[in-house]
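Worksheet for the structure shown next.
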Amino acid sequence: MKLATWNVNSLKVRLPHLLEWLAANPVDVVCLQETKSEDKNFPLAELQQAGYQVAFSGQKTYNGVAILSRQPIGDVQCGIPGFEDEQKRVIAATIDGVRVVCVYVPNGQEVGSDKYQYKLKWLAAITAWLKEELAKHPRLALLGDYNIAPEDRDVHDPVAWQGNVLVSAPERDAFKALLQLGLRDAFRLFEQAEKSYSWWDYRMMAFRRNMGLRIDHILISPALQCSACHIDKAPRKLERPSDHTPVVAEVA
DNA sequence: ATGGCCGCCCTAGGCGGA
């Protein structure tokens, strides 16, 4: 089963890239973030035409998540149970016996800000919920835009970024708390090229200069075998790309 | 030194992203 995650930064704008990518990479499951699309505007027909069933939870302007699947989608859950949140950042579903959890972790804006506090609370809430979810569904994959670069090797310039949002110690501790649930970072199960990133700023020719961060991740539970994981930089080279690029893992 | 790009929205400058 091939699983992918991609922050598309507007599904409306990126739909041609997504369809092109799916045609070239017919993965089984795709988790999307930042669809920025109300449910009534979701491009359902186009994605069904491409062979995918879809579950989505969107809102105007901001956030928005979706799961695309070639196999039937069951037991769809939106949001974190017991955590009041108007922002559409979580959708989970069971596909072929695997609990697929798609997340768009808050950005946090600036260390110490209200949004940063919200990010840490949100991460604590989802970690507590995932602990329960793992007990119910040992075969679980957590995919998405985590807005956390877990280690310095996931940052193009660790000195410049030190202490910044996305790399601060409390955020990295929150990521480690997910690993402590038994989840494994699929990307780091395999040898990877140095300076592998999943996001590059639109400014400063950051992609061309490979000034990036690895903030999009696929975490998998111990019950899942993982045979490969890679970042696909190809879509970042297209005209009008998303600032994030897909991450793909193969599990069984 | 600063900001430099995108996408969004009550179409235009401000917000949020990372």
Side-chain angles (χ1 to χ4, degrees), chain A residues 5-19 21 31-43 56-66 85-90 102-123 143-175 187 195-217 231 233 235-247:
Chain A
T5 180
W6 194 4
N7 178 326
V8 290
N9 186 18
S10 169
L11 183 52
K12 184 183 173 185
V13 173
R14 229 63 65 193
L15 185 61
H17 287 188
L18 176 60
L19 293 172
W21 190 82
C31 293
L32 301 178
Q33 302 86 36
E34 285 207 86
T35 56
K36 299 186 178 180
S37 162
E38 287 183 285
D39 290 348
K40 64 180 165 71
N41 300 325
F42 195 91
F56 46 89
S57 176
Q59 66 186 92
K60 198 197 276 190
T61 313
Y62 304 117
N63 310 313
V65 283
D85 193 358
E86 288 180 3
Q87 303 187 24
K88 307 298 190 191
R89 296 183 174 277
V90 180
C102 171
V103 293
Y104 175 46
V105 177
N107 169 279
Q109 199 162 55
E110 193 181 342
V111 172
S113 67
D114 289 350
K115 287 176 182 161
Y116 183 78
Q117 294 307 326
Y118 162 68
K119 180 179 193 173
L120 295 180
K121 277 192 189 127
W122 189 98
L123 284 162
L143 304 92
D145 175 358
Y146 287 61
N147 273 317
I148 300 171
E151 301 176 44
D152 277 353
R153 61 177 165 164
D154 302 311
V155 181
H156 69 92
D157 185 346
V159 174
W161 276 85
Q162 189 167 21
N164 212 308
V165 72
L166 312 191
V167 309
S168 75
E171 292 165 89
R172 286 180 167 176
D173 288 346
F175 187 85
F187 190 74
K195 305 182 190 302
S196 289
Y197 309 123
S198 67
W199 170 88
W200 300 261
D201 200 304
Y202 283 122
R203 296 167 291 187
M204 301 175 290
M205 295 181 291
F207 181 65
R208 221 179 66 186
R209 298 158 71 190
N210 198 28
M211 295 168 63
L213 303 175
R214 192 176 71 94
I215 55 177
D216 300 271
H217 308 296
I231 293 171
K233 285 166 74 169
R236 191 66 174 78
K237 299 171 185 166
L238 300 172
E239 283 289 320
R240 237 184 145 186
S242 169
D243 43 357
H244 296 252
T245 196
V247 184

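Every chain is numbered from 1, with letters handed out A, B, ... down the list of sequences.
The two residues A/Gln87 and A/Gln59 have their closest heavy-atom pair at CA-OE1, 3.3 Å.
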After noting the C-alpha distance and the side-chain angles of A/Glu34 and A/Tyr104, does the key distance pass the side chain to side chain donor-acceptor pair (under 3.5 Å) rule?
CA-CA 7 Å; A/Glu34 285 207 86; A/Tyr104 175 46; 3.3 Å; yes

Criterion salt bridge (charged side-chain N to carboxylate O under 4.0 Å, His left out) on A/Glu171 and A/Lys119, from CA distance to verdict:
CA-CA 8 Å; A/Glu171 292 165 89; A/Lys119 180 179 193 173; 2.5 Å; yes

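Note on A/Asn63: nothing from the nucleic acid sits closer than 4.0 angstrom, heavy atoms only. No engagement by A/Asp216 is indicated, since no non-hydrogen atom pair under 4.0 Å with the nucleic acid exists. Residue-level contact check: A/Tyr146 touches neither bases nor backbone, having no heavy atom under 4.0 Å from any strand. The residue A/Asn107 sits close to a base: some heavy atom pair falls under 4.0 Å.
Across the P atoms, B/dG17 and B/dT2 are found 23 Å apart, a figure rounded to whole Å. Nucleotides B/dG3 and B/dC8 are separated by 25 Å at their P atoms, to the nearest Å. Distance check on atom P: B/dA1 versus B/dG13 gives 31 Å, rounded to whole Å. Between B/dC10 and B/dC6, the two P atoms lie 23 Å apart (nearest whole Å).
Residue order along DNA chain B, read from the 5' end via each residue's closest nucleotide, puts A/Thr61 first among A/Thr61 and A/His244. A residue-by-residue look at A/Pro106 and A/Tyr202 shows that A/Tyr202 has its nearest nucleotide of DNA chain B further toward the 5' end.
Qualifying side-chain contact (heavy atoms from CB on, under 4.5 Å) partners for A/Asp39, counting only residues two or more places apart in sequence or in other chains: A/Phe56.
The closest side-chain heavy-atom distance from A/Lys36 to A/Tyr62 is not below 4.5 Å.
Rounding to the nearest 0.5 Å gives a distance of 11.0 Å between NE2 of A/His17 and CZ of A/Arg236.
Reading DNA chain B from its 5' end, the first and the last nucleotide to sit under 4.0 Å from a heavy atom of chain A are B/dG4 to B/dA18.
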